[in-house]
Amino acid sequence: MPPERRSRTRPDRRTRARPNQKTRMKPDRKAGAGPGGPPRKAAYSSQRRPPARPGAAAAAIAVAAEEERRLRQRNRLALEEDKPAVERCLEELVFGDVEDNEDALLRRLRGPRVQVQEESGDSEVENEAKDHFLPRKKPVWVDEDDDDEEMVDMMNNRFRKDIMKNVSESKLSKHELQKRLKEEFQHAMGGVPAWVETNKRKTSSADESEEDEDDLLQRTGNFISTSTSLPKGILKMKNCQPANAERPTAARISSVQFHPCAQVIMVAALDNSVSLFQVDGKTNPKIQSIYLEKFPIFKARFSANGEEVLATSTHSKVLYVYDMLAGKLIPVHQVRGLKEKIVRSFEVSPDGSFLLINGVAGYFHLLSMKTKELIGSMKINGRVAATTFSSDSKKVFASSGDGEVYVWDVNSRKCLNRFVDEGSSFGLSIAASRNGQYVACSSNCGVVNIYNQDSCLQETNPKPVKAIMNLVTGVSSLTFNPTTEILAIASEKMKEAVRLVHLPSCTVFSNFPVFKKKNLSLVHTMDFSPRSGYFALGNEKGKAVMYRLHHYSDF
């Protein structure tokens, strides 16, 4: 503390008087008496003088504050004499005159207050609160470089170079780059994500939501439910371990099929083997392998009840039947009445009653699944390209090499209808949906026509619901999923030529296949699991690639 502050006079605490106020001199009651009299005793505490009024105390505090301010000013001036002239000038420019007190400095830094008009209708409390807000000040200087938008180099970055449209876009501004990245994201995702549209709808319908809330509180019901239909655009899925990971092979996968009842998948290849795997999506442990000597598998299928496995070869007329319950392999060397030299392509009816074998010269033969005996034969013009049963096993759809489709009745073995597949010159594959709604036909030009099944039965020139033209080579495989929400199409002439079509919108899922994560190579066969949402594809590199889709309840 400065010596001036210690040496200054303080107010008398007993009398509570100011230092410059004159006080009466009272005789010492302990040492002596007044003039002319004997010494008196000190008075009791109850007889002492009452304290001064509160006004006197306030005046004493004011005098002390004034004295303290005067001493502070004197010390500041003493310090200012030791400072250089340049420093004092700078402080005056920034903080103002040194003679100003601290309150004036704070007022200057705070700036002028915003005047609030009384006519605004605000309350006194609101007006007082507005007085404490500082006004927005103008910037001291403006940097001209801030107005120039920074340019981003596109050539020296391999990720940015991929999104360039032409050579002139070697440099883009940050705003243009952000816009370009947004376009690339929407293109990769197949459009604007659903959560963006949801937020827009919520923002635009804020008032309507309040009314809906009032209506919601006035009634009861089950409001927690999930949609049963598969949305289009983006297919949510995850990659799984290959189905044949525990028994890899270098030969081409000719057939993959899920068991109709159990969580089992069958993988057949040209290495003369048929293997069964337990499907769990993680390790897929092997259950059993069947080796057929000198019998490269062309096609293998489960029976409708899942108790048998049927297999044919590329150059043989023998049909092998493996009884899974008894563990026996039964070869069928010759079917009575069947004069085909090679038995390769066949179909099993959904009800498990019939076996359909495609022959040569336009013939296809109907056999009994139980006895493996010939029931009857049917013939079409040209070559038989592909056949399939309807969902009720009462009709057969046959596609010819001339681009025509025939509809046959199984019981009477008569042709019910015949029409030309629109735009097709050479048919390759045909498939019917499980719910009996669609029939899909493919051709060698890569076009897949989707028809209504009723129009195929009644009209002589039916028009397809939609023509899928996402592939440019011949589509060799067509498969509907069990819920008739997805149609899988594939071509064995080009790598990664696989597409999944959403039904009933007949639009292709934009995020399948994922080329960077899965090398599908040339796909020869594919299948959907009946209930657990798995999708398997067999390629020429010996892998049974497998995915699991999101929209099933047990996902």
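Ring geometry for Phe528 against Phe535 counts as parallel: the plane angle stays under 30°, on a 0 to 90° scale with 60° as the upper cut. Taking the six-membered ring for Trp and thresholds of 30 and 60 degrees, Trp408 and Phe364 have ring planes more than 60 degrees apart, a perpendicular arrangement. Using cut-offs of 30° and 60° for the angle between ring planes, the Phe389 and Phe354 rings count as parallel.
Note that the CZ atom of Phe298 and the CZ atom of Arg344 stand 4.5 Å from one another [nearest 0.5 Å]. Lys394 contributes atom NZ, which lies 10.0 Å from atom OG of Ser391 (distance to the nearest 0.5 angstrom). Interatomic distance, Thr479 OG1 to Ile486 CD1, rounded to the nearest 0.5 Å: 11.5 Å. Rounded to the nearest 0.5 Å, atoms CG (Leu471) and CD (Glu496) are 12.0 Å apart. Interatomic distance, CG of Asn417 versus CG of Leu457, reported as 7.0 Å (0.5 Å rounding). For the atom pair CZ of Arg301 and OG1 of Thr312, the computed distance is 9.5 Å after rounding to the nearest 0.5 Å.
Looking at Gln334, its side chain does come within 3.5 Å of a backbone N or O of Leu338 through a donor-acceptor pair. Using modelled atom types, one side-chain atom of Asn511 and one backbone atom of Leu235 make a donor-acceptor pair closer than 3.5 Å. With Asn539 contributing its side chain and Lys543 its backbone, the two residues share a donor-acceptor pair below 3.5 Å. His259 places a side-chain N or O within 3.5 Å of a backbone atom of Gly306 that can act as its donor or acceptor partner. With hydrogens and angles disregarded, no donor-acceptor distance shorter than 3.5 Å links the side chain of Glu373 to the backbone of Leu367. Of the possible donor and acceptor atoms, one in the side chain of Ser393 sits under 3.5 Å from a partner among the backbone N and O of Asp351. Of the possible donor and acceptor atoms, one in the side chain of Ser433 sits under 3.5 Å from a partner among the backbone N and O of Tyr438. Under a 3.5 Å cut-off, the side chain of Ser255 and the backbone N or O of Ala300 do form a donor-acceptor pair. In this structure a side-chain-to-backbone donor-acceptor pair under 3.5 Å is missing from Ser254 to Leu270. No side-chain donor-acceptor contact under 3.5 Å links Ser455 to the backbone of Glu459.
Between Lys171 and Glu176 there is no salt bridge, since no side-chain N of the basic residue sits under 4.0 Å from a carboxylate O of the acidic one. Here Glu422 pairs with Lys463 in a salt bridge; the nearest charged N to carboxylate O distance falls below 4.0 Å. With salt bridges taken as basic N to acidic carboxylate O contacts below 4.0 Å, one links Glu404 and Arg418. Using a cutoff of 4.0 Å between basic side-chain nitrogens and carboxylate oxygens, Asp271 and Arg247 are scored as salt-bridged.
Contact check for Val498 versus Ile489: no side-chain heavy atoms found under the 4.5 Å cut-off. Counting only heavy atoms from C-beta outward, the side chains of Met369 and Leu310 approach each other to under 4.5 Å. By the 4.5 Å heavy-atom criterion applied to side chains, Pro242 and Asn284 are not counted as neighbours. In this structure, Val448 and Leu478 have side chains that are in contact, with non-hydrogen atoms separated by less than 4.5 Å. In this structure, the side chains of Ile450 and Leu487 come closer than 4.5 Å at one or more pairs of heavy atoms. Residues Met494 and Val472 meet the side-chain proximity criterion, which asks for heavy atoms closer than 4.5 Å. Side-chain contact check for Val420 versus Asp402: every heavy-atom pair is 4.5 Å or farther apart.
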Go through the steps to decide whether Lys328 and Tyr322 satisfy the test side chain to side chain contact (heavy atoms under 4.5 Å, CB included), and finish with yes or no.
CA-CA 6 Å; Lys328 294 181 179 181; Tyr322 177 71; over 6 Å; no
Quick one: do Met266 and Val274 satisfy side chain to side chain contact (heavy atoms under 4.5 Å, CB included)? Show the steps, please.
CA-CA 7 Å; Met266 175 185 62; Val274 178; 3.6 Å; yes
Working for side chain to side chain contact (heavy atoms under 4.5 Å, CB included), residues Ile253 and Thr525
CA-CA 8 Å; Ile253 302 295; Thr525 178; 4.2 Å; yes
Is there a side chain to side chain contact (heavy atoms under 4.5 Å, CB included) between Glu340 and Val335? Walk through the geometry before answering.
CA-CA 9 Å; Glu340 299 290 341; Val335 177; over 6 Å; no
Evaluate the criterion side chain to side chain donor-acceptor pair (under 3.5 Å) for residue pair Thr507 and Ser505; output intermediate values, then yes/no.
CA-CA 5 Å; Thr507 57; Ser505 67; 2.9 Å; yes
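Annotation for Lys232: atom NZ does not count as buried by contact number, only 12 or fewer foreign heavy atoms lying within 6.0 Å. Crowding of Lys493 atom NZ: a count of heavy atoms from other residues, nucleotides or ligands under 6.0 Å not exceeding 12. By the 6.0 Å contact criterion, NZ on Lys339 is open, its count of non-hydrogen atoms from other residues, nucleotides or ligands being 12 or less.
The salt bridge (charged side-chain N to carboxylate O under 4.0 Å, His left out) check on Glu540 picks up nothing, with sequence neighbours excluded. With sequence neighbours excluded, the residues forming a ring-ring contact (aromatic ring centres under 6.0 Å, His included) with Tyr451 are Phe419, listed by chain and number.
Thr484 and Asn481 form no side-chain donor-acceptor contact under 3.5 Å, judged by distance and modelled atom types alone.
Ring pair Phe512/Tyr547: centre-to-centre distance below 6.0 Å. Ring pair Tyr406/Phe397: centre-to-centre distance not below 6.0 Å.
Remark: Lys379 qualifies as a cation-pi partner of Tyr363 under the 6.0 Å distance and 45° angle criteria applied to the six-membered ring.
Among all heavy-atom pairs drawn from Ser313 and Pro296, the shortest one is OG-O, 2.9 Å. Here the closest heavy-atom approach between residue Ile297 and residue Ser273 is recorded as CG1-O, 3.8 Å. Ala304 approaches Pro350 most closely through the heavy-atom pair CB-O, 3.7 Å. The heavy-atom pair separating Ile380 from Ser400 by the smallest distance is CD1-CB, 3.7 Å. Ser349 and Ser353 make their closest contact through OG-N, 3.1 Å (heavy atoms, listed as atom of the first residue, atom of the second, distance). For Ser289 against Ser275, the heavy-atom pair with the smallest separation is OG-OG, 3.0 Å.
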